[in-house]
Structures are given as C-alpha cells and as structure tokens.
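A note on names: the letters A, B, ... follow the listed sequences, proteins ahead of strands, and every chain is numbered from 1.
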Amino acid sequence: MYCNFKSQGFKKRNCAKSVLEKRTIFLLVKPRSAAQQRHSVTATESKMAGADGDDSLYPIAVLIDELRNEDVQLRLNSIKKLSTIALALGVERTRTELLPFLTDTIYDEDEVLLALAEQLGNFTMLVGGPEYVHCLLPPLESLATVEETVVRDKAVESLRKISQEHSPVDLEVHFEPLVKRLASGDWFTSRTSACGLFSVCYPRVSSTVKAEIRQHFRTLCSDDTPMVRRAAASKLGEFAKVLELDYVKSDIISLFTALASDEQDSVRLLAVEACVSIATLLPQEDLETLVMPTLRQAAEDKSWRVRYMVADKFSELQKAVGPEITKNDLVPAFQNLLKDCEAEVRAAAANKVKEFCENLPEDSREQIIMTHILPCVKELVSDTNQHVKSALASVIMGLSTILGKDNTIEHLLPLFLAQLKDECPEVRLNIISNLDCVNEVIGIRQLSQSLLPAIVELAEDAKWRVRLAIIEYMPLLAGQLGVEFFDEKLNTLCMAWLIDHVYAIREAATCNLMKLVEKFGAEWAQNTIVPKVLGMANDPNYLHRMTTLFCLKLYWLLFFENTFALSEACGQDITTKQMLPVVLKMSNDQVANVRFNVAKSLQKIGPVLDSNALQAEVKPVLEKLATDTDMDVKYFAQEAINSVLALQRSD
Amino acid sequence: MSAISASEKVDGFTRKSVRKAQKQRKSQGSSQYRTQSAPVELSPLPQLKDAPSTEQQELFTQKLQQCCMLFDFFDSVTDLKSKEIKRATLNELVDYVSTNRGVLVESAYPEITDMICTNIFRTLPPSDNPDFDPEEDEPTLEASWPHIQLVYEFLLRFLENPDFQPSIAKRYIDQKFVLQLLELFDSEDPRERDFLKTILHRIYGKFLGLRAFIRKQINNIFLRFIYETEHFNGVAELLEILGSIINGFALPLKSEHKQFLMKVLIPLHTAKALSLFHAQLAYCVVQFLEKDPTLTEPVIRGLLKFWPKTCSQKEVMFLGEVEEILDVIEPTQFKKIQEPLFKQISKCVANPHFQVAERALYFWNNEYILSLIEENIDKILPIMFGSLYRISKEHWNPTIVALVYNVLKTLMEMNCTLFDELTSSYKADRQREKKKEQERDELWKNLEELRLNNTTLVQNNSHGLPGVHNNNNNNNNNNNNINISSNNDTQDKSVDMSIF
C-alpha cells in the first residue's frame with residue numbers, strides 16, 4: 001500500500017571508521033602513529049587503568065575502545081551495554097563524562113545511533129533521577145536531527161518518554177527551548193522531529209509558552225518541504241487533543257483545512273486521519289461548519305490515495321461525526337466509495353460494509369441498508385477485482401445478523417451462493433469461514449438446503465486451504481444436521497479426506513472424525529467409522545496406513561476420557577479385541593515410518609490399556625521394535641518401553 | 001471448478017513465475033475520478049491546412065478544445081469513432097505547431113496549456129503489482145497512450161517552436177504545472193518517463209525563474225524516496241536531467257548545491273533499487289567532483305558510510321563508482337582519503353563473493369590508480385598486505401588467487417623492503433591481533449564483575465546493611481537502574497547471581 005513507509009529494518013551498510021577516531025577522547029589525548037595504533041590499544045589502556053588501581057576507569061576506557069573498533073558489531077555491543085557502563089560509572093561521572101562523550105559520537109553508523117537513541121530513553125535513573133534528566137537532552141537533540149528516519153523516530157520516542165520525567169520548571173527551562181530549536185532548524189529532519197514533541201510538553205507549560213508552541217506548530221504546518229508538512233499533518237490529531245477547545249476551533253481547524261487541501265496527496269491523506277480526532281473533540285453543532293466541508297472534499301478527492309484513506313478510516317469517521325451527519329452525508333459518500341473507479345478504494349470500502357451498517361442509527365438502519373448499501377454490495381459481488389470480492393466476502397456474512405432472517409434469505413443468500421462459487425479461492429474461503437453467523441440467523445436447515453451443494457463442491461476444491469476450512473466447519477454442520485442427514489450427504493466426504501494427498505487435510509480429517517464421534521456416540525463410530533479405518537490398515541499406500549494409526553490413537557484416547565456415554569465393557573471390547581491387534585500387526589510394516597509411529601502410538605495408549613494386554617501383547621512388540629534396524633524406530637520403541645514400564649512400576 | 005494440473009495437485013504451490021505469467025492485464029487506465037458523464041461524440045472538423053488563414057486561428061482553438069475530451073481506454077470498444085477523431089486531430093496539431101511559423105499567438109497559450117493539463121495531469125493509478133520489481137517484471141503500460149503520446153509530442157513541439165515565448169508561457173507553465181509534471185515521473189510506463197525527461201529538460205532550459213524551484217522539488221522527491229516510501233519510478237530519469245544541470249553549475253558551487261550532493265545524492269546510494277539508477281547517480285557524483293575537487297573527501301567518506309554490507313551486487317556498483325572517482329581524483333585529495341578508502345578496498349579484495357573481490361582487484365589494472373598507489377605505497381601497502389596475503393592462500397576461487405598474486409607482485413615491485421618487512425612480521429601481527437581480542441574479552445569480563453559487585457552491594461544495602469563506600473541515595477538509584485534495563489541479558493544474569 002502507499003503508506004508503506006519504511007518502518008524498521010536497516011539497510012545494511014558498512015561503516016567508515018568514523019569521525020570518532022579523530023575526536024577521541026579525553027582519556028588518551030596523545031596522538032599516536034598508525035603503527036602504534038596497529039598494536040594493542042587496549043593493552044595500553046588497561047595498563048593505565050590497572051596501574052592507577054582505579055577500577056572505575058575501566059568502563060569508560062572499554063567503551064571508548066569499543067566505540068573506536070572498526071567492527072560495527074562491536075561498537076553496537078558496547079552501546080547496547082551502555083547501562084552497564086553508566087551503572088559502573090555512577091551518576092556523577094555518567095553526567096560529566098559519559099554523556100558529553102556520547103553527544104560527540106553522533107557521527108556513527110545509523111545502527112549504532114539507533115541503539116543509542118533507544119538506550120537514552122531509559123537513562124533517567126542512571127543520571128541521577130528526574131532532577132538531572134535534562135542532561136539527556138543534548139545527545140537526544142542531535143539524534144533527532146539525523147537523516148535516517150528510524151534513528152530520528154527512536155530519538156523522538158525517547159524524548160517523549162523523558163519529557164514526562166521533567167518537572168514543569170525543567171520542561172520550560174530545558175525541554176521547550178529544545179523543541180523550539182528543532183522547530184526552527186535549517187534542515188527538514190529537525191523540523192520533522194519537532195512535530196512529534198509539541199503535544200507532550202503543551203499541557204504542562206505556562207500560557208505564554210503555550211502560545212509560542214501553537215505558533216511553532218502553525219509554522220510547521222505550512223512548511224516549505226512536504227516532508228515536514230506530512231510530519232505535522234500526522235501529529236495534528238494528537239496535538240488537537242491537548243489543546244483547549246477554543247484553540248481547536250480557532251487554530252486547528254484552519255490548519256486542518258489547509259493541510260487537507262495541500263498540493264501533495266501524501267499530505268492530504270494524513271489530514272483524513274486527523275479528521276477523526278478533531279471531529280471527536282468538537283461539539284456536534286460545530287461539525288457541520290468546521291469539519292464536514294473538508295471531509296466531503298476528501299471523499300471526492302482526485303487522488304485515489306486520499307479516497308482510500310477515507311474508506312479505510314470510515315468506521316472511525318462515522319463514530320466521530322455521529323448519526324445525523326452519517327445519515328445525510330456519509331451514506332452517499334460510502335456509496336461512492338463502494339463504486340469508486342479504483343479497486344484499492346473499493347476493497348477498502350468493502351472491508352467496512354459490516355461495521356458501517358452495524359453503526360448506523362437503529363431507527364433507519366434497515367431502510368438505509370436495503371435501499372442504499374445493498375445495491376452497491378450486489379454489484380461488488382461480481383466485481384472484476386478479486387481483492388475487492390475477497391474483502392467483501394470476509395464481512396458480508398455479518399450483514400445477516402443485522403438484516404434478520406427474511407431479508408437474509410431473500411437478498412443475501414443468493415449473494416453468498418454466488419460468492420461460494422467464485423473463481424477465486426480466497427473469496428470462497430472467506431465465505432466458508434464465516435458461515436456460523438448466517439447459521440444463527442436462518443437456521444441450519446435452511447442453510448444446508450441452499451448451501452449444501454456448494455459446500456460439497458468445495459469439499460473437493462483444488463486448493464487445500466479451502467478444503468481445510470470446510471473440514472473445520474464440518475462438526476458444527478454435523479451436529480445440527482443430525483446423524484441420518486449426515487450419513488446420507490457428508491459421510492463419504494469425511495472419509496475421503498482421510499486419504500487426501502495433503503497431510504494437513506488428513507490431519508484435520510482425523511481430528512474431525514473424533515469430533516464427530518463425540519457428537520454421534522461410540523455406536524455410530526463402531527458401525528460407520530471403525531470398519532473403514534481398520535480397512536485402511538491394509539492400504540498399499542503407507543501414508544494411508546499411518547492415517548489409520550493416527551485415527552486409532554485419537555479414538556482410544558477419546559474413549560478413555562469418557563467424554564461420551566457408552567458402556568465401558570463395550571468400549572473395552574472394541575479397543576482390545578479389534579483395534580489393538582491391528583496396531584500390533586502394523587509393527588511388522590515394511591515402512592519404518594509406520595513402525596515408529598506404532599511405537600509412538602503405543603506409548604500414548606499404554607496408560608489406558610489394562611496391564612494384561614500390556615504385558616502379554618504390547619511389551620513383546622515394543623521389545624522387538626527396539627531391536628529394529630532403523631535408528632528412529634529403535635529410538636521411539638525405547639522411549640515407549642521406558643514410559644510403559646515406568647507406568648507398570650507405579651502401578 | 002476449474003481443472004487443475006497434476007503438478008499443482010502434488011505440491012499445491014505454483015511457482016512465482018508461473019503465477020505472474022497468468023496475469024494478462026498489462027495496461028492500465030489512468031486513475032481520474034470520473035465524475036463527468038460519458039464523453040460526447042466528437043464530430044470531425046475541417047483540416048487546418050484547408051482553412052483560409054484568417055480562420056486558421058479560430059479552428060486551431062476549436063481543435064484544442066476538442067482534444068480536451070477524455071476517453072476510457074480501459075474499455076477498448078466504446079467511442080471508437082471519437083477516439084480516432086481525437087487521435088487524428090492531435091496528429092494534425094503536432095504537425096501544425098512544428099511546421100508552421102507564427103501560429104503561437106498570445107491568445108493560444110492558455111488554450112494550449114489547458115489542453116495539455118487536461119490530458120496529461122492525472123493521479124497515477126495504484127500499481128497493479130505491489131511488489132513490482134522493475135528489473136524482472138514487465139511494466140504496466142499506460143492504456144491511453146495512443147492519445148497521451150501525441151499530447152506529449154505536442155507539448156514538446158510547442159516548447160521547441162522558434163516562436164515560443166517563455167515570457168508569455170510562464171503565466172501558464174508555472175510552479176504548479178511543474179509540480180504536477182514531476183509527479184508524473186512516477187509513471188510505470190518507460191515511454192512516458194522518457195517524454196517527461198525531455199520536456200522537463202526543455203522547461204528547465206527555457207524558464208530561468210523555475211530552475212531553483214525544479215531543483216528543490218526534485219530534492220523533495222528524492223528525500224521522500226530515500227526516507228519514506230522507497231518507491232519512485234522516475235529516479236533514473238530525474239538524475240539524468242540533473243547530470244546535465246550539474247554540468248552547467250557556475251563556480252564556486254553554491255552551498256545549496258553542495259548540500260544537495262551530500263544530503264541527497266550520497267544517501268540515494270542506500271536505496272534497495274540502486275541498480276536501476278546507479279549509472280546516472282555515479283555520473284552526477286563525478287560531475288560534482290570534476291567541478292569542485294575539494295568535495296572528494298566528504299563524498300568518499302559518505303560512500304564508505306553507506307557501503308553495502310550484505311548486497312554483493314551493490315558492492316560491485318560501489319566499487320565501480322569509486323573507480324570512476326579515482327579516475328578524476330587529484331593526488332592531494334587522494335592522500336586525504338587513502339587510508340579509510342583502502343581499508344574498505346582491502347575488505348572487498350578479501351570478499352568471499354568472487355565478483356566483489358574481482359572488481360576490487362581490477363583497480364590494479366588502472367594506470368592512474370596504480371600511479372597513485374605507487375606514490376603512497378608506504379601507507380597503502382601495510383593496509384592491503386594482510387588481506388592480500390591471507391586470500392592468496394585461502395580464497396576458493398582460482399581466478400581471484402591468480403589476480404591476487406599479480407597484485408602482490410606489483411606491490412612488491414613498488415617497495416621491496418617494506419614488502420619483505422610485512423611478510424616477516426605477518427605472523428606476529430596476527431598473533432598480536434588475537435591477543436588484543438582476548439584482552440577485550442577480558443575487559444568486558446572485568447566490567448561485568450565490577451557491575452556484579454555493584455549489584456551485590458545494592459542488594460546488601462536494600463537489606464538494611466548500609467554500604468561503607470556508597471551513600472544511600474546512590475544505592476537507590478542503582479537499584480532502580482537494574483529494573484529499568486533488565487531487558488539486557490547480562491544484567492539479568494548479574495541480578496540472578498546476586499540473589500545467591
């Protein structure tokens with residue numbers, strides 16, 4: 001998307017051995033020849049420190065040496081351990097030696113500077129607490145002027161953090177002058193940084209200073225460079241929140257109007273964001289005159305980026321302007337966005353359909369949706385762009401709860417059906433994953449009758465993610481359809497998934513079967529599932545044989561958790577008489593993967609077997625597996641023996 | 001349900017290239033907010049050349065107005081007749097302004113610029129392919145090109161017409177016009193960018209009053225590209241224009257221009273898509289250095305600061321640029337940067353990526369560079385020797401090893417004694433480095449201990465045993481510090497240990 005401003009991740013660069021080297025350092029003033037430098041610098045320093053017997057000299061010496069290192073990584077490491085060094089130095093020396101030194105090092109690699117900017121935000125206690133916190137301002141001020149956005153942003157973040165630790169007096173004496181200096185800096189970077197600092201100091205300064213701050217902000221809003229205007233526009237909402245209402249009306253509105261009609265669309269779109277905060281602050285009666293003209297204009301901006309932003313913020317805007325304006329202005333605007341000529345805008349608007357409808361005033365909600373929104377939605381269902389359709393599919397089901405049963409059946413169901421048959425898998429997926437909300441409204445019978453054919457078709461969809469979504473929906477469907485209907489229509493599907501060629505589907509199918517057993521009971525399982533699953537134990541494909549194992553294992557565990565009512569005798573019967581032999585027989589499988597999965601399964605089901613079976617049948621098999629030629633089989637067999645035997649002992 | 005191929009059934013993942021090939025849409029309409037109703041059908045006007053000269057001007061205006069009608073080229077079947085009429089008219093207009101004298105009367109200027117603005121100024125549509133790779137992917141072409149091309153052609157002929165008067169035109173070709181023109185450089189269509197390049201160049205040449213403004217706006221575009229979006233299609237074209245602009249700068253250079261070099265051109269080297277405009281960028285940089293050799297040092301230092309760390313392809317480009325700079329460097333300037341520069345070159349020579357190593361070693365084929373090295377051999381040889389000596393034994397690529405031998409031989413011939421000295425002290429130097437490494441580890445260990453003691457002290461104190469050396473106030477501070485920076489893992493360790 002357009003607003004994909006670089007947020008993190010440095011471009012890897014190499015370093016010049018920085019200016020640092022020249023400006024070092026108060027400890028070692030004596031200039032050294034290149035030859036000497038090649039020799040151990042550290043040794044000299046450590047000797048110096050050692051000779052004095054003053055251990056406290058270590059940290060600064062280490063830091064300086066590391067900061068001079070040609071390897072950025074080492075420089076970075078030492079900056080990241082800055083708190084260690086400061087701690088060892090004590091607050092006094094941190095203030096008088098470390099900080100001035102750091103202020104001088106602001107010529108390094110951006111990555112080192114980023115680490116430094118971050119560290120300094122947590123330094124208040126290390127310089128002696130809030131009364132000395134202003135000592136941190138000089139290095140952070142320099143960092144707030146560097147070119148690299150990531151560093152600058154971090155410096156501003158740290159400045160915002162420590163601004164809270166300033167006393168009101170310090171704020172005016174130290175912090176506010178810094179903001180002013182940044183705001184009137186030569187290069188755009190410092191002015192950009194200043195934009196983020198106004199709102200944190202404004203509430204805590206005297207009214208004269210407040211007036212100055214407002215003036216500075218105003219200047220930056222009409223800055224010459226679009227970069228600064230963008231920064232100001234993005235902080236406009238935040239700044240408005242800390243201003244007194246009168247000034248919001250007198251100052252902010254004019255700035256907002258100006259930024260919203262900036263010549264650059266990248267500035268205008270940021271004003272849309274501010275619009276939300278500003279509209280929230282103003283009393284209802286002022287909105288029409290102060291905000292709406294600008295908002296209307298933004299919704300019809302000639303740049304699709306601005307319209308996209310309006311669509312993207314639509315729910316927030318709707319809440320901010322209230323029901324009356326929504327009815328009169330936002331509904332037609334929303335219709336236009338849904339019909340926009342750019343797919344990006346339509347997709348953003350489509351995403352908001354449900355939220356917008358939900359938040360409509362209740363008295364006229366249904367009427368507005370039916371006459372204004374639904375016709376647009378109907379068109380979007382057959383949009384040419386798949387992102388638009390898929391955005392719509394992810395929210396359209398939510399409309400059924402708002403519109404109620406009759407409208408859903410009459411108007412929405414055909415749309416759902418159309419989308420279920422869409423050529424794009426993502427659209428189908430989004431519909432399937434939201435079936436439950438429709439279910440609540442129109443009931444499963446109705447739903448299944450109309451949707452079942454489509455669902456059956458999707459169960460064999462070429463995209464496995466679509467099949468997966470259908471499987472996950474199956475237990476819900478089964479539970480409400482009842483056994484008979486299920487056996488008739490869906491059982492074959494559930495069994496077919498067990499031999500799907502994608503593992504994720506087989507796995508999901510296995511879990512799905514267990515959920516079905518929970519619903520329909522063991523008898524049903526005994527009659528429909530168990531024979532089929534046991535039959536697969538002889539399948540020529542080893543993957544299918546493994547599926548049998550997985551099914552049996554889960555079934556066993558499920559059974560012994562007693563989560564469904566069933567006479568225990570019957571259950572014991574099924575498991576020991578029918579299933580255990582099958583599992584044990586598979587220990588002779590020619591594929592090692594099957595054999596070690598036998599071992600793993602036995603380990604799992606061991607705890608629920610009776611000790612006779614365990615001793616007589618399971619143990620010999622495991623012991624045999626433990627002598628297998630395959631390394632993995634041996635390993636898992638041994639694991640199983642250990643845990644099964646441990647069990648016996650505890651018995 | 002569409003039939004799926006066997007291969008897709010097996011892995012379910014289609015390759016990117018296959019997915020991309022399936023995309024058919026290759027052209028795109030312009031994103032104009034189409035509030036206006038459907039275009040009215042155009043009816044052909046008589047030919048200009050057939051009209052009596054008294055009526056020509058009037059007809060010219062009419063034709064210009066006719067060409068203000070916009071058509072939807074996305075829909076290839078509608079308005080075919082009108083589209084053809086407009087195309088023919090535009091062709092005729094191009095012809096008219098390029099062959100006839102005396103047609104550019106003052107009253108025509110607003111009509112002409114109006115027609116141009118209506119047609120070319122539009123918000124570019126969102127990219128069809130969000131991760132568009134200009135090197136691999138086919139660009140999306142402008143759908144309305146059949147018309148737009150002719151409008152650009154017309155604008156160009158208009159500007160180049162001998163009767164063209166900037167003093168009149170500046171009322172219409174103003175800052176706003178230029179700003180919109182510059183934004184069009186982001187077009188994905190290379191044909192459009194090519195036209196824009198020539199047109200902007202003409203405007204820069206003819207409108208003295210707009211020059212500073214144009215430079216500043218290009219500045220802003222680049223800064224946004226570097227620090228905000230990392231996306232702009234027309235960087236190469238803008239740099240090409242700048243190349244010739246820089247060429248014309250008067251000496252001494254204004255500080256504004258120097259700032260542009262250091263704060264814009266050098267950081268441009270950090271862009272991910274550097275390969276798309278590196279040739280033009282390097283040209284601009286070298287132009288600056290030819291104008292003012294004293295800029296060499298800051299430029300080289302800037303390049304070294306942004307030297308690529310992980311992208312070998314970019315590293316090769318940087319080396320190419322450095323060679324271009326060295327080709328024009330003055331010996332006095334060379335002395336100023338030789339140490340940091342050759343430290344970097346020594347790293348490049350030892351790069352495991354053979355193309356990087358090879359590119360760096362090729363410096364030794366350059367006569368001028370060779371003479372500079374020879375002049376300063378006592379400084380450069382000690383820097384280079386370690387890497388060269390090591391890779392002559394270790395590099396995996398035989399070509400590189402062979403090249404290194406040649407380079408070593410050349411260097412040896414330059415100063416035999418120093419070479420022998422370095423050879424004999426090589427081992428000792430390596431050991432010294434190792435020792436230095438150990439000592440550094442040792443120091444950090446000591447520091448950790450120091451900090452450990454400090455923490456223990458604090459722990460004791462917080463248990464009500466006042467320390468002798470520290471006052472209470474200090475301790476409290478220290479105690480807090482630990483909480484603040486406990487994300488540091490060494491810190492955690494020390495806290496843990498102090499509990500025992």
Side-chain angles (χ1 to χ4, degrees), chain A residues 1-2 4-6 11-17 34 38-40 42-43 46 55 58-59 62 65-66 70 80-81 83-88 90-91 109 122 125-126 128-129 147-149 187-188 225-227 263 265-266 300-304 341-342 344 423 457 460-464 501-502, chain B residues 1-2 4 8-10 12 31-35 123 125-126 130 176 179 220 223-224 227-230 263 267 270 272 301 304-311 339-340 343-344 347 382 429 432 435-436 439-440 442-444 446-448 450-451 454 474 477-478 480-482 484-485 488 490-491:
Chain A
M1 236 15 346
Y2 175 73
N4 180 16
F5 290 170
K6 199 164 59 178
K11 291 157 264 175
K12 297 288 172 209
R13 297 162 189 157
N14 202 343
C15 52
K17 190 159 173 211
R38 282 210 316 282
H39 296 222
S40 166
T42 327
S46 62
D55 278 354
Y58 267 140
V62 171
D65 198 44
E66 297 292 87
E70 282 185 47
K80 284 188 174 156
K81 288 178 184 164
S83 59
T84 312
I85 290 155
L87 190 61
V91 291
E109 187 95 353
N122 298 322
M125 281 321 193
L126 295 165
E147 251 81 39
E148 178 54 58
T149 328
W187 190 238
F188 79 96
T225 68
M227 287 79 79
E263 62 198 5
D265 59 0
S266 52
E300 294 185 351
D301 198 284
K302 68 181 193 316
S303 165
W304 62 271
C341 62
E342 281 309 334
E344 252 78 0
E423 56 178 12
E457 204 177 320
E460 287 154 355
D461 198 281
K463 299 275 186 253
W464 67 269
H501 61 270
V502 174
Chain B
M1 208 71 5
S2 59
I4 44 162
E8 199 181 340
K9 225 169 191 160
V10 172
S31 168
Q32 274 170 340
Y33 197 44
R34 299 191 186 97
T35 39
T123 309
K176 188 158 180 261
L179 203 62
N220 289 342
L223 288 168
R224 185 178 66 179
Y227 295 115
E228 292 181 8
T229 58
E230 279 198 278
K263 298 233 175 186
T270 61
K272 205 162 53 186
R301 286 196 185 274
L304 291 174
K305 180 177 176 200
F306 294 132
W307 201 272
K309 275 193 184 131
T310 55
C311 181
E339 270 189 51
K343 273 181 189 159
Q344 182 57 56
K347 275 186 209 157
D429 279 345
R432 213 172 287 134
K435 205 174 149 212
K436 190 176 153 188
E439 276 164 354
R440 214 193 54 244
E442 199 64 25
L443 271 171
W444 274 107
N446 288 344
L447 181 56
E448 285 305 318
L450 219 124
R451 154 199 195 73
N454 217 328
N474 215 346
N477 289 339
N478 287 344
N480 287 332
N481 298 337
I482 292 161
I484 288 166
S485 49
N488 188 325
T490 52
Q491 183 108 40

A:Glu263 and B:Lys176, any side-chain heavy atoms less than 4.5 Å apart: no

Any A:Ser266 side-chain heavy atom under 4.5 Å of B:Arg224 side chain: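 Yes, close enough: below the 4.5 Å cut-off.
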
Backbone of B:Tyr227 reached by a side-chain donor or acceptor of A:Thr149 within 3.5 Å: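 Yes, A:Thr149 side chain to B:Tyr227 backbone: donor-acceptor pair under 3.5 Å.
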
Nearest heavy atoms of B:Lys305 and A:Glu109, plus distance in Å: O-OE1, 4.1 Å

Distance (rounded to the nearest 0.5 Å) between A:Asp301 CG and B:Thr123 OG1: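 Nearest 0.5 Å value for the CG-OG1 distance: 7.5 Å.
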
Residue pair A:Glu147, B:Lys263: steps toward the side-chain contact (heavy atoms from CB on, under 4.5 Å) verdict: CA-CA 8 Å; A:Glu147 251 81 39; B:Lys263 298 233 175 186; 3.3 Å; yes

